[in-house]
Amino acid sequence: MKILSIETSCDETSVAVVEKKENSTSVEVLSNITATSLDLHAKTGGIIPEFAAREQIKAIIPTIVKALNESASMDYESWENAQKILQVDVDAIAVTYGPGLIGSLLVGVETAKTLSLTFNKPLVPVNHLLGHIFANFIQDHSQDPKSKIKYPFVALIVSGGHTDLVYFESVDKYKWLGGTRDDAAGECFDKCARLLGYPYPGGPKIAELASFGNAKNVPLPKIMTGDDFDFSFSGLKTAFMNVVNKEFSVARKETENGYSWEKIDIENLPTQKKQLLFDLCASLQESIIEVLIRKTLKAAKFYNVNTILLGGGVSANQKLTEDLKEKIVKDKLPIEIFVPQKKYTMDNGAMIGAYALLSYKPVDWEKINATPDLYFA
Ligand code: KG4
Ligand code: ZN
């Protein structure tokens with residue numbers, strides 16, 4: 001079965017064509033095209049929902065055309081070819097219907113409904129968060145084919161908007177265990193990076209600066225040491241901000257839509273200050289990772305599972321996966337970790353198609369609505 005899948009929950013417009021062979025448990029990606037509006041967000045000092053949706057309106061049709069053409073290895077990219085491929089090759093359409101920004105979701109959902117009706121294809125609504133987890137089922141030819149994901153498993157979703165722990169018995173039988181009470185893990189990375197003058201997404205920049213630092217030199221608070229499966233990152237962000245305000249002079253600058261901070265000129269900082277900045281970033285990263293690992297392993301032990309799946313943009317953080325694997329080896333835990341291939345950690349159409357293929361439940365197009373506050377229903 002082949003699915004055309006559309007993801008527009010936040011600032012990206014991503015479209016994929018994915019395929020699952022009859023008895024296979026993994027998903028093959030035939031094309032995955034993402035149009036990003038990152039440059040625009042850098043100008044406006046962050047994602048402005050209205051602006052993001054307007055860019056997506058412009059991007060959605062060309063991205064669909066490109067994804068369909070590429071899936072059939074067409075030399076000549078055209079709407080006519082795309083229509084034929086959709087008509088003949090594609091069995092169904094999948095779309096993210098939530099959670100996310102209302103304007104952005106509407107662009108994807110309404111386009112998918114129109115295509116479903118026009119081309120008479122079944123339509124599968126997909127929860128964005130499930131997409132992040134099931135990105136792990138996308139075939140990775142560089143991996144040992146023997147290493148297969150087994151149910152039950154515990155999943156940690158760590159993205160710019162979400163931090164959730166979920167227990168899965170099967171593809172559509174799951175239980176939400178806990179999540180963040182305030183900022184998401186990625187949001188904490190992003191807000192702290194923004195304070196240093198770095199645009200969204202800030203996680204990779206903090207990780208880069210952290211690689212030169214030593215977390216022990218600037219201790220930040222250890223967070224949410226309680227017994228539950230919840231997280232909180234806003235206090236950590238404040239602690240980070242207090243050190244930045246005390247030790248560095250950060251200047252505010254006007255942007256097209258508010259304000260942002262001038263980039264700290266790291267190269268020209270005195271050596272000691274430069275090291276302090278690296279150490280501070282290492283400490284921030286360490287505090288975030290430490291609580292993610294502790295609560296994820298706690299959930300795995302509590303539910304007696306041998307498999308953990310990570311997903312979402314923050315799962316691209318190398319230190320997170322390295323430290324988690326190290327802890328499992330050190331404590332001799334019988335747990336296997338799965339992380340999506342890096343290109344499928346951030347928002348992408350392929351992960352939405354992957355979940356649609358594995359769970360395949362089409363719904364009448366008239367009953368599908370963009371649902372910004374969708375959760376693990
Ligand atoms: O899943 P995603 O693309 O979007 C949401 O659904 O939110 O995740 C984006 C988030 C951003 O917060 C970004 O800073 C973070 O993922 N991120 C990282 C890394 N790469 C991306 N955070 C930490 N370390 C990274 N290497
Ligand atoms: Zn996401």
Side-chain angles (χ1 to χ4, degrees), residues 5-14 16 32 34-38 41-42 46-47 49 52 95-101 104-105 108 126-136 155-164 166 179-180 183-196 198-211 213 231 233 236-237 240 281-293 309-324 339-352 354-355 372 374-376:
S5 50
I6 300 174
E7 152 62 39
T8 61
S9 66
C10 190
D11 59 322
E12 317 278 32
T13 306
S14 188
N32 182 55
T34 303
T36 175
S37 46
L38 280 182
H41 306 322
I47 297 171
V95 66
T96 303
Y97 73 111
L101 304 169
S104 298
L105 287 168
V126 176
N127 178 330
H128 177 81
L129 301 171
L130 294 173
H132 272 307
I133 298 166
F134 285 81
N136 281 288
L156 171 71
I157 303 155
V158 265
S159 71
H162 296 272
T163 307
D164 293 290
V166 190
T180 185
D183 290 351
E187 192 176 359
C188 183
F189 275 116
D190 295 334
K191 286 181 173 168
C192 290
R194 186 163 181 251
L195 199 61
L196 304 177
Y198 291 97
Y200 177 91
K205 189 67 201 180
I206 296 280
E208 182 198 323
L209 299 176
S211 69
F231 301 93
F233 295 104
L236 182 61
K237 173 191 65 192
F240 181 93
C281 289
S283 186
L284 174 73
Q285 180 175 248
E286 178 88 10
S287 286
I288 294 174
I289 287 174
E290 196 267 340
V291 69
L292 293 175
I293 292 178
L309 268 59
L310 305 188
V314 182
S315 70
N317 185 287
Q318 222 178 332
K319 184 129 185 12
L320 168 63
T321 44
E322 275 171 15
D323 285 8
L324 180 54
V339 186
Q341 296 164 65
K342 195 164 178 215
K343 60 184 165 195
Y344 303 122
T345 54
M346 303 275 276
D347 292 350
N348 64 87
M351 69 183 195
I352 301 306
Y355 188 73
L374 178 71
Y375 230 60
F376 283 97

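Below, all heavy atoms of this structure are taken into account, side chains as well, without hydrogens, waters or symmetry copies. The chain is numbered in sequence order, starting from 1. Counting starts at 1 for both ligands and their atoms, in listed order.
- For atom 25 (C) of ligand 1, the candidate residues are Ala193, Pro204, Gly311; the nearest heavy-atom contact is made by Pro204.
- A parallel orientation is assigned to the rings of Phe231 and Phe233, their planes being inclined by less than 30° (bins at 30° and 60°).
- A donor and an acceptor atom, one from each side chain of Tyr375 and Asp164, are located under 3.5 Å apart.
- With the Zn ion (ligand 2) as the vertex, NE2 of His132 and OD1 of Asp347 span 100° to the nearest 10°.
- Among Asp190, Leu320, Ile157, the residue whose heavy atom lies closest to atom 14 (O) of ligand 1 is Asp190.
- Here the side chain of Ser315 pairs a donor or acceptor atom with the backbone of Gly312 at under 3.5 angstrom.
- The protein non-hydrogen atom at the shortest distance from atom 24 (N) of ligand 1 is Asn317 ND2, 3.0 Å.
- Among all protein heavy atoms, the one lying closest to atom 6 (O) of ligand 1 is Asp347 OD1, 3.0 Å.
- Of the protein's non-hydrogen atoms, Gly160 N, 3.4 Å is the one closest to atom 10 (C) of ligand 1.
- Taking backbone and side-chain atoms together, His128 has an N/O/S atom less than 2.8 Å away from the Zn ion (ligand 2).
- The atoms of ligand 1 that sit less than 4.0 Å from any heavy atom of Thr345 are 1 (O).
- Counting only heavy atoms from C-beta outward, the side chains of Cys188 and Leu236 approach each other to under 4.5 Å.
- Ligand 1 places these atoms under 4.0 Å from at least one heavy atom of Ser159: 1 (O), 5 (C), 6 (O), 7 (O), 8 (O).
- Compare Ala185, Gly186, Gly203, Gly202 by their heavy atoms: the one nearest to atom 18 (C) of ligand 1 is in Gly203.
- With Ser9 contributing its side chain and Gly100 its backbone, the two residues share no donor-acceptor pair below 3.5 Å.
- A distance-only check finds no donor-acceptor pair linking the side chain of Asp190 to the backbone of Pro201 [under 3.5 Å].
- His132 counts as a contact of ligand 1, since one of its heavy atoms falls under 4.0 Å from the ligand.
- With contacts defined as side-chain heavy-atom distances shorter than 4.5 Å, the pair Ile293/Leu320 qualifies.
- In summary, of the residues considered (Asn32, Thr34, Thr96), a side chain to side chain donor-acceptor pair (under 3.5 Å) with Glu7 occurs for Thr96 alone.
- Shortest contact from atom 21 (C) of ligand 1 to any protein heavy atom: Gly313 O, 3.3 Å.
- Considering backbone and side-chain atoms alike, Gly161 places an N or O below 3.5 Å from some N or O of ligand 1.
- Heavy atoms of His128 found under 4.0 angstrom from ligand 1 belong exclusively to the side chain.
- Side chain of Thr163 to main chain of Ala185: a donor-acceptor pair is present (N/O by atom type, distance under 3.5 Å, no hydrogens or angles).
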